[in-house]
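Owing to the predicted nature of the structure, the values given are computational and were not obtained by experimental measurement. Just so you know, these numbers use all the heavy atoms, side chains as well, and skip hydrogens, waters and symmetry mates. Position 1 is the first residue of the sequence, and the numbers go up from there.
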Amino acid sequence: MTEPVWGPVHQDIVGLLADHPADVPAVVDHLTKLQDLLVRLPPLEASCPLADFNKLYLVITTTVLDGLYDDRFVDPVFLARLDVEFAARYFDALRFWTESSPSTPKAWSCLFKRMRGPDARPLPSAAAGVNAHINYDLPFALVTTLESLESEPVDGSDQHRDYLEINRIFAERIPELRRGYLDHWQLMIDMVNGDIDDWYQGELVEYTRNVAWRNAQKIWRCRHDPEARECERTRLDDNAALLGRLLLSPLGAFLQ
């Protein structure tokens, strides 16, 4: 008999993924419950590679929620809807994997496969999740959000400025998050490097999210052409999967 994908927490995760969160507080709640389940997944348990990404995602989303409460964004309706659509794509990928569906994006499969070992280092695991979520999921979440709001991806718009504000949230949280993935000896090296590591990783996130915005604009132009849209989906999935496998390879250990 085949063991369930999620082992002893399979039914709990199936139940969690049965519906999409409807607002940002519900996204935070889903991510929190998922984190509690992932750290119980054998054989790696607390060192589960997906948990390393989910923890980062939870911190960033909680900060976005705080920003919504604090009127940090010019167009909070857009930002909240984008957050929900963005999370839906992550939860869909998890559901597809749970069902052993061929619809599971390759960008995510390379990380999901590591949940049963061999173990992957925490920082490359988190980076592989960020890669799949931003390079693959984000452009489509943007298009879906803007379509629902009868808007479009225009540079310099209030929505674009709010989108860029998320880069600043990453910059605020990256130092704390990154050091949480390091061993003691790596923390000593990090102290010697000063702010250099934080700076280049912040720059990398900003560059990657800018590329995602440009890709959303490309998808927007062909959104009514199913064949062209599918070509874009395949291209982004293949590219993100290639980078994800690289991040999770022995070469990716240099990130740690």
Side-chain angles (χ1 to χ4, degrees), residues 19-32 53-93 126-127 129-178 195 198-224 229 232-233 236 240:
D19 59 355
H20 285 156
D23 53 28
V24 182
V27 172
V28 170
D29 183 65
H30 265 59
L31 292 172
T32 301
F53 163 72
N54 196 79
K55 178 175 68 174
L56 181 152
Y57 189 19
L58 174 57
V59 169
I60 296 297
T61 306
T62 302
T63 308
V64 170
L65 179 59
D66 291 341
L68 289 167
Y69 288 146
D70 295 338
D71 298 323
R72 181 169 183 165
F73 306 106
V74 180
D75 188 346
V77 173
F78 160 74
L79 216 290
R81 183 60 182 264
L82 176 60
D83 194 281
V84 170
E85 294 291 346
F86 193 33
R89 297 189 65 87
Y90 172 51
F91 294 129
D92 281 344
V130 170
N131 161 64
H133 209 25
I134 293 180
N135 286 322
Y136 178 65
D137 290 337
L138 185 53
F140 294 99
L142 274 165
V143 170
T144 302
T145 299
L146 292 166
E147 279 186 312
S148 70
L149 298 176
E150 298 182 347
S151 186
E152 55 186 287
V154 176
D155 291 351
S157 63
D158 287 347
Q159 294 166 338
H160 188 218
R161 283 191 287 272
D162 281 345
Y163 178 83
L164 296 177
E165 184 66 22
I166 303 300
N167 295 350
R168 286 182 273 277
I169 286 176
F170 268 98
E172 292 165 9
R173 303 311 301 263
I174 277 177
E176 163 201 351
L177 286 166
R178 188 175 60 79
D195 296 331
D198 296 332
W199 173 81
Y200 90 75
Q201 290 187 6
E203 290 292 305
L204 183 60
V205 167
E206 182 173 345
Y207 171 79
T208 303
R209 295 189 80 256
N210 287 341
V211 170
W213 179 266
R214 297 298 173 210
N215 282 325
Q217 290 176 321
K218 291 179 67 175
I219 297 166
W220 183 265
R221 290 191 289 270
C222 68
R223 67 191 185 282
H224 299 307
R229 184 180 172 119
E232 280 300 301
R233 190 204 66 77
L236 294 179

[atom1]/[X] to [atom2]/[Y] distance, rounded to the nearest 0.5 angstrom?
| X | Y | atom1 | atom2 | result |
| --- | --- | --- | --- | --- |
| H30 | N54 | NE2 | CG | 11.5 Å |
| D29 | L58 | CG | CG | 10.0 Å |
| Y163 | D155 | OH | CG | 11.0 Å |
| F86 | T144 | CZ | OG1 | 12.5 Å |
| R221 | E152 | CZ | CD | 11.0 Å |
| N131 | F53 | CG | CZ | 10.0 Å |

If you measure from the Lys or Arg side-chain nitrogens to the Asp or Glu carboxylate oxygens, is any gap between [X] and [Y] under 4.0 Å?
| X | Y | result |
| --- | --- | --- |
| D75 | R81 | no |
| R168 | E165 | yes |
| D92 | R89 | no |

Do [X] and [Y] touch side chain to side chain, with heavy atoms closer than 4.5 Å?
| X | Y | answer |
| --- | --- | --- |
| I219 | L236 | yes |
| D83 | L65 | no |
| L56 | I60 | yes |
| W220 | V154 | no |
| N167 | Y207 | no |
| L146 | L82 | no |
| R72 | L79 | no |

Original post:
Where do V84 and H20 land on the side chain to side chain contact (heavy atoms under 4.5 Å, CB included) test, with the steps shown first?
Top reply: CA-CA 8 Å; V84 170; H20 285 156; over 6 Å; no
Please report the closest heavy-atom contact between [X] and [Y], naming both atoms and the distance.
| X | Y | result |
| --- | --- | --- |
| A87 | V27 | CB-CG1, 3.7 Å |
| V64 | F73 | O-CE1, 3.7 Å |
| N135 | A240 | CB-CB, 4.2 Å |
| A216 | P139 | CB-O, 3.7 Å |
| P25 | Y69 | CG-OH, 3.7 Å |
| A212 | I134 | CB-O, 3.7 Å |

For the side chain of [X] and the backbone of [Y], is there at least one donor-acceptor N/O pair under 3.5 Å apart?
| X | Y | answer |
| --- | --- | --- |
| R233 | F140 | no |
| S148 | T145 | yes |
| D23 | A80 | no |

Original post:
After noting the C-alpha distance and the side-chain angles of T62 and L31, does the key distance pass the side chain to side chain contact (heavy atoms under 4.5 Å, CB included) rule?
Top reply: CA-CA 10 Å; T62 302; L31 292 172; over 6 Å; no
Subject >> S151-Q159 side chain donor-acceptor pair, cut-off 3.5 Å >> reply: yes
**OP:** Please lay out, stage by stage, how Y90 and H133 fare under the test ring-ring contact (aromatic ring centres under 6.0 Å, His included).
**Re:** CA-CA 7 Å; Y90 172 51; H133 209 25; 5.7 Å; yes
